[in-house]
Amino acid sequence: MPEDMARPLIRDRGEAGGSRHLEASMSDAPVVGIVGTGDFSRSLARRLVSSGYQVVVGSRNPKRSAALFPEEAEVTSQMEAAGQADLVFVAVFPEHHSTLLELKPSLAGKTLVDVSNSLRINPDGPSNAEQLADLFPESDVVKGFNTISAWALQRGPRDGSRQIFLCSNSSKAKSSVMQLCRRLGFIPVDMGLLSSSLEIENLPLYLFPSWRTPILCTLFLFIFFYLYNFLRDVLQPYVTARKSVFYKMPIEMVNVTLPSVALVMLALVYLPGLCAAFLQLWSGTKYNRFPGWLDRWLSSRKQFGLCSFLCAAMHAIYSLSLPMRKSARFKLLLAVKQMKEGDEVWVNEEVWRMELYVSAGIMALGLLSLLAVTSLPSVANSVNWREFSFIQSTVGYCALSMATVHTLLYGWGRAFDPAQYRFMMPPTFALVLVLPSVALLGRLALFMPCVARRLAQIRRGSEKSRHIRFRLPDDDCRNGLEDVSNV
Amino acid sequence: MPEDMARPLIRDRGEAGGSRHLEASMSDAPVVGIVGTGDFSRSLARRLVSSGYQVVVGSRNPKRSAALFPEEAEVTSQMEAAGQADLVFVAVFPEHHSTLLELKPSLAGKTLVDVSNSLRINPDGPSNAEQLADLFPESDVVKGFNTISAWALQRGPRDGSRQIFLCSNSSKAKSSVMQLCRRLGFIPVDMGLLSSSLEIENLPLYLFPSWRTPILCTLFLFIFFYLYNFLRDVLQPYVTARKSVFYKMPIEMVNVTLPSVALVMLALVYLPGLCAAFLQLWSGTKYNRFPGWLDRWLSSRKQFGLCSFLCAAMHAIYSLSLPMRKSARFKLLLAVKQMKEGDEVWVNEEVWRMELYVSAGIMALGLLSLLAVTSLPSVANSVNWREFSFIQSTVGYCALSMATVHTLLYGWGRAFDPAQYRFMMPPTFALVLVLPSVALLGRLALFMPCVARRLAQIRRGSEKSRHIRFRLPDDDCRNGLEDVSNV
Amino acid sequence: MPEDMARPLIRDRGEAGGSRHLEASMSDAPVVGIVGTGDFSRSLARRLVSSGYQVVVGSRNPKRSAALFPEEAEVTSQMEAAGQADLVFVAVFPEHHSTLLELKPSLAGKTLVDVSNSLRINPDGPSNAEQLADLFPESDVVKGFNTISAWALQRGPRDGSRQIFLCSNSSKAKSSVMQLCRRLGFIPVDMGLLSSSLEIENLPLYLFPSWRTPILCTLFLFIFFYLYNFLRDVLQPYVTARKSVFYKMPIEMVNVTLPSVALVMLALVYLPGLCAAFLQLWSGTKYNRFPGWLDRWLSSRKQFGLCSFLCAAMHAIYSLSLPMRKSARFKLLLAVKQMKEGDEVWVNEEVWRMELYVSAGIMALGLLSLLAVTSLPSVANSVNWREFSFIQSTVGYCALSMATVHTLLYGWGRAFDPAQYRFMMPPTFALVLVLPSVALLGRLALFMPCVARRLAQIRRGSEKSRHIRFRLPDDDCRNGLEDVSNV
């Protein structure tokens with residue numbers, strides 16, 4: 001590139017010495033162009049310069065823009081920038097892409113990196129990058145860098161997410177951009193052909209898509225159980241006996257509602273795996289695709305589990321706060337006042353019941369905490385499948401069983417007390433126990449030797465009628481992550 | 001590769017345009033072969049195709065298998081697949097490796113990637129990959145991808161562990177597979193020569209090997225202290241006075257046992273570092289290897305610490321749940337009933353003792369939480385050694401001291417009360433304090449100027465008799481992580 | 001490299017076979033030299049050997065040193081090691097760098113990797129690496145590996161931080177070291193020219209620099225509020241009525257102080273964003289740099305938030321421990337004793353107040369926990385900006401509001417009780433509420449349509465007088481991370 005030799009050495013402005021290294025650096029670090037002078041452009045220029053690249057910025061108004069860029073970067077006209085560099089970042093509004101058409105001859109055969117984002121999720125396409133590729137059919141368009149903030153670029157790759165998602169129809173162009181990413185300290189992730197650009201552009205616009213259903217489910221269950229408890233525990237005493245216990249609404253009723261939600265949500269973590277297993281047993285093969293709802297349910301089990309854990313943890317804090325409330329103190333004083341001389345104050349059965357259900361509850365919470373910690377990305381990455389599935393399946397079922405025992409012990413005897421059936425409504429805990437019982441019984445059914453053997457056969461690849469010669473040795477082990485172990 | 005040009009362009013099936021990019025892609029993305037048609041094979045094919053590779057799948061029954069693969073992949077006979085590709089994934093059962101011998105001539109000089117797993121840990125070898133290398137001595141065998149699940153391959157590299165462990169005797173073959181890994185979005189980790197393949201094959205089969213000893217230790221201590229407390233606090237009153245306090249078993253006794261386990265385990269975190277320091281002082285050099293048990297103990301300190309934290313956290317929850325139990329309420333009512341008019345109810349010493357030991361306990365738990373959070377992989381990665389060793393050593397010793405103070409304050413006066421020595425057994429807290437006291441006194445001994453100076457000399461590389469000229473400048477700093485700072 | 005062929009094959013010592021692979025390995029894996037025989041040198045040699053490199057160690061005393069190195073590494077004189085390798089690690093004390101001057105001719109044109117650390121932070125330079133570059137002007141000096149411990153090198157890259165920060169004036173030398181890093185399983189991070197070496201050398205010496213101000217701030221607030229509460233709640237009753245409540249010092253007073261600190265710290269998280277927004281409104285442009293103090297404050301919001309969370313969590317534990325203390329029990333017994341027959345024990349207002357403020361407090365803590373969890377590096381990396389800013393801004397302001405409501409409900413009525421103004425000092429909660437109220441009112445002001453529109457304009461790049469043609473489409477979205485969303 002002889003024109004590079006003619007340009008002043010970028011680093012030479014401030015310092016006189018060190019030319020040996022600079023020549024070396026100049027000869028192998030390609031010149032990188034940036035068209036556009038916004039915030040992102042500036043942060044990118046700064047980062048490229050500090051990683052040893054030569055940067056040429058193309059501006060409509062080079063004189064005014066120069067002050068905004070690091071002095072090592074050359075700020076010039078768009079045409080000149082497009083001419084000098086083999087790799088050009090397009091950092092202008094996508095609606096202004098067409099204003100770049102005059103650069104078409106200079107950009108032919110070069111790599112264009114489209115860093116633009118949309119303002120809202122674009123479900124159908126075409127993506128900005130595809131539109132750019134249509135405008136410049138003779139250039140190689142690479143989509144990328146849009147998931148990285150100007151701020152992350154400037155602070156360097158030590159903070160925040162270091163992944164850059166890239167796609168392009170040209171492997172060569174993609175490779176050179178991947179190498180540039182690595183030199184800037186980021187981790188390039190190849191997302192394939194340019195048709196993935198729509199997904200990449202939508203990535204930074206999503207707002208917890210995988211959490212929507214679990215959170216809605218939690219909210220619905222919360223409202224349902226809260227209203228149910230309100231009818232039974234607050235309205236019924238008021239209507240039938242004019243007893244006002246509305247003060248229970250902020251804490252006590254929330255504290256009955258939260259564990260109900262937590263237990264049902266926990267059962268919902270394990271039900272889809274059971275559904276999948278029974279579907280496979282029924283169809284006799286593992287090669288049928290699951291219905292869409294089951295697929296989505298299976299893939300949002302982690303979110304269901306974390307919602308369950310959040311409710312359980314809040315329930316623990318609410319429970320622990322019960323004795324410090326004024327109402328607890330006042331009730332105790334009332335009890336003292338009404339206590340007669342001969343009264344027996346110690347009821348052994350009540351003591352045992354409470355000791356046992358509190359104990360079971362704490363253990364269930366402890367097990368759930370383990371599950372929650374291992375679902376942190378960095379912890380999940382440091383365990384292998386077998387460990388992950390042991391935690392998520394074995395420890396998870398232990399937590400579910402323990403939580404069920406906690407609820408059963410809490411209900412001890414009350415289930416058969418007609419006074420509990422106010423307004424003809426069964427006590428909450430009876431309602432709550434339905435799904436966990438189904439999950440636990442389903443799991444027990446899969447443990448029966450005949451069922452377990454048949455399921456293992458199916459998951460090793462056997463089908464009803466045909467014999468398959470070539471299976472992968474670790475088929476069942478690999479799938480463990482998906483269905484066997486997480487059932 | 002002229003035969004590639006003859007084949008139909010894989011991407012051309014669906015779309016007519018874009019040939020420019022496809023040619024470019026074809027010329028630099030090598031053709032990848034896969035032998036075998038299991039789940040893993042399919043997921044791999046899908047991932048390769050979406051990263052722009054040309055995929056040729058070798059099947060015994062190409063017609064039947066074709067439907068299972070993405071249409072961009074070519075499904076053909078094993079012989080043809082082996083012939084077309086330079087890099088072939090072997091995705092068949094290891095016990096069927098020998099059925100591939102007929103492909104030997106086609107595979108000569110090519111790279112074979114063995115992705116197989118064993119069903120159980122193979123301690124002695126030879127590994128599947130080594131057996132494959134013996135069968136195909138003219139091919140370059142690379143072991144890898146066995147730690148990645150079919151599911152992770154399909155969902156792309158954004159979820160789960162992105163590391164792929166590779167090993168091979170051929171650097172060239174390994175390099176090309178590493179490059180492929182990077183293009184698929186994974187992070188290749190070079191594990192050296194093919195002799196590491198056994199370790200790589202065993203990797204996904206381990207079940208928390210580093211946690212075995214710490215967990216067994218926790219369980220043993222729990223059972224020991226639980227039985228000890230049972231004898232002292234439940235059996236002794238029953239035997240000597242027919243006083244039945246069996247209701248204490250689920251909560252109160254667990255709550256006395258847990259902190260005992262937590263404190264002893266915390267002391268066990270700091271004892272091995274002290275042992276190492278005193279061994280170095282005794283031998284006068286840091287170049288002697290530690291005995292095996294000490295090495296293993298040193299490397300499982302994190303696990304010991306986390307077990308200790310778990311017990312401490314459970315102890316906190318159990319303690320906080322004490323006042324909400326029916327038994328606490330009944331005991332209070334009993335106390336009220338037995339209260340005489342003139343009784344002095346406020347015992348200042350008991351108040352102060354409890355305020356202080358609860359306070360010390362909460363602070364110890366707070367410090368332990370800091371230790372636990374910084375041992376999360378992602379947090380540990382974001383701090384440097386000096387910060388890590390400050391947390392793990394300085395904050396850790398503060399937590400140990402605070403927990404010891406908590407226990408001492410709890411024991412306040414009781415240690416000298418003969419009534420506490422039931423069945424001639426000293427109170428639990430006295431037993432528990434032995435190891436923490438040893439650890440704290442040992443650490444104090446190392447703080448003595450003469451000892452500290454000698455140890456610093458040894459750790460800077462000096463030995464008893466010889467003068468070493470060349471030491472690494474940051475020797476002591478680096479080793480800080482291992483022994484100095486974590487003592 | 002004909003002299004390599006003359007040397008015995010390094011791997012041939014133990015085993016006779018496998019020469020085919022070894023030749024292949026030898027021909028493409030370059031020989032790596034290490035000068036120096038300290039701990040780091042040994043760990044590095046072991047790691048290089050196990051990744052398939054040929055290692056030549058240069059020692060002053062090769063015979064004595066040989067025993068310390070893996071047998072696959074060749075231990076020879078420094079001169080010979082420098083001669084054989086193209087890439088030489090300099091692992092000697094920086095103060096002994098000058099003793100290597102005799103190797104100057106052998107090292108000319110080669111790559112030297114300086115792995116040294118300083119013993120204390122060197123604020124001004126020149127760095128060790130720059131001094132080495134001055135001594136060997138004909139070699140290419142790369143700074144790196146100093147942030148990796150000997151221990152991390154030995155255990156392999158699966159544990160701890162895998163990033164290696166590199167810098168050099170020679171891109172070619174840096175590239176070859178980056179490739180070596182990758183083959184060892186580390187992630188190289190390009191930090192630019194050798195002038196960054198000072199920063200890289202200082203990296204492992206920092207002790208939580210970003211935490212200093214937030215922690216000092218927390219400590220100052222803690223001491224201030226503790227003393228304030230001590231004067232009001234302990235000293236005043238003692239001085240005025242000789243009532244000794246010193247027993248409150250370890251728990252109750254800490255428990256009043258902690259939430260005060262937590263709330264003020266949480267307000268301090270949101271105030272700098274508001275300052276930034278009002279500064280931008282006032283100056284009419286976003287292109288003015290913020291003053292230094294505001295920049296620093298903005299970048300330490302995460303630390304402020306985590307300190308606030310720690311205080312809030314400790315406050316929760318302290319609060320939950322209140323009823324289990326002996327003092328609570330004694331106070332209750334006293335209340336029972338003093339209770340007259342006709343007394344009304346149930347005060348509805350007090351019950352409601354406490355139910356509500358406990359409830360608000362638990363919810364505030366739950367929201368703060370979400371904030372804390374999402375600030376874990378691995379969780380923060382797995383969400384996109386929009387999600388991150390939703391959590392940090394929307395959820396954060398909810399937490400601040402809820403905590404303010406918690407404090408207001410706690411103060412319910414007390415603010416107007418003259419008895420609360422002891423020593424003429426307003427109650428603590430009134431003091432505490434100042435900053436949160438300012439933050440919440442400021443945020444509300446920014447919600448006013450006219451202000452919000454103006455701010456959005458400014459952040460899209462508009463300035464008072466000029467029209468800017470080229471803006472990046474996602475400017476405001478990107479900056480959201482910095483100011484809009486986190487306001």
Side-chain angles (χ1 to χ4, degrees), chain B residues 140 163 169-172 174-175 178 187-194 196 287 316 319-320 322-323 332 335-336 339 345-348 350-356 358-359 362 365-366 376-387 390 461 469-475 477-479 481-482, chain C residues 18 21-22 24-25 28-29 36-41 50-52 60 68 91-94 96 116-117 119 146-147 149-151 157-158 160-161 183-185 187 203-208 247 250-251 254 310 314 317-318 320-321 323-327 329-330 332-334 336-337 376-378:
Chain B
D140 293 327
Q163 291 183 26
N169 286 333
S170 156
S171 297
K172 197 163 129 273
K174 187 159 53 176
S175 290
M178 286 176 103
I187 301 176
V189 178
D190 189 334
M191 300 288 284
L193 297 171
L194 201 60
S196 306
Y287 296 119
S319 299
L320 295 174
L322 294 178
L332 196 70
V336 167
M339 187 165 58
V345 294
W346 187 274
V347 188
N348 222 11
E350 280 196 40
V351 166
W352 269 99
R353 184 177 73 91
M354 188 144 191
E355 302 278 330
L356 287 175
V358 168
S359 179
I362 295 176
L365 185 70
L376 284 173
S378 64
V379 179
N381 282 353
S382 65
V383 299
N384 65 33
W385 311 327
R386 216 186 136 207
E387 293 165 344
F390 172 79
R469 180 83 197 270
F470 279 86
R471 304 160 291 164
L472 195 73
D474 41 343
D475 247 23
C477 174
R478 287 178 190 282
N479 286 315
L481 203 67
E482 293 156 88
Chain C
H21 293 309
L22 288 172
S25 142
D28 61 352
T37 57
D39 286 0
F40 189 79
S41 170
S50 76
S51 295
R60 293 258 149 187
L68 301 166
V92 300
F93 268 109
H96 295 152
S116 67
N117 269 327
L119 290 176
N146 62 313
T147 55
S149 66
W151 186 72
R158 267 161 297 165
S161 178
R183 288 198 51 171
L184 299 193
I187 301 176
L203 268 184
L205 297 169
Y206 291 128
L207 190 59
F208 298 109
Y247 78 90
I251 294 194
V254 170
L310 185 69
M314 295 295 281
I317 299 181
Y318 271 101
L320 295 174
S321 77
M324 77 180 184
R325 295 166 313 144
K326 282 271 189 260
S327 52
R329 180 190 171 91
F330 291 156
L332 196 72
L333 290 178
L334 281 175
V336 167
K337 221 170 177 178
L376 284 173
S378 65

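Order of the sequence lines fixes the chain letters, A, B, ..., with proteins taken first and strands second; residue numbering starts at 1 for each chain.
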**Message:** Looking at chain C, which one of Val351(B), Leu194(B), Val345(B) has the largest number of heavy-atom pairs inside 4.5 Å, strictly under?
**Reply:** Val345(B)
**Request:** Look at Leu207(C), Leu310(C), Leu320(C) and state which one has the largest set of heavy-atom pairs under 4.5 Å with chain B.
**Result:** Leu207(C)
**Message:** Can you tell me which portion of Ser319(B) sits under 4.5 Å from chain C's heavy atoms? Options are side chain, backbone, both or neither.
**Reply:** both
**Asked** Nearest 0.5 Å, what's the OH-CG distance between Tyr206(C) and Asn384(B)?
**Response** 10.0 Å
**Item:** Which of Ile317(C), Ile251(C), Leu68(C) touches chain B most, by non-hydrogen pairs under 4.5 Å
**Value:** Ile251(C)
**Complete:** OH (Tyr247(C)) and CH2 (Trp346(B)) are apart, to the nearest 0.5 Å, by 4.0 Å
**Item:** Heavy-atom closest contact (Val92(C) atom, Gly36(C) atom, distance)
**Value:** CG1-CA, 3.8 Å
**Request:** Any chance you could measure Ser327(C), atom OG, to Leu332(C), atom CG, to the nearest 0.5 Å?
**Result:** 11.5 Å
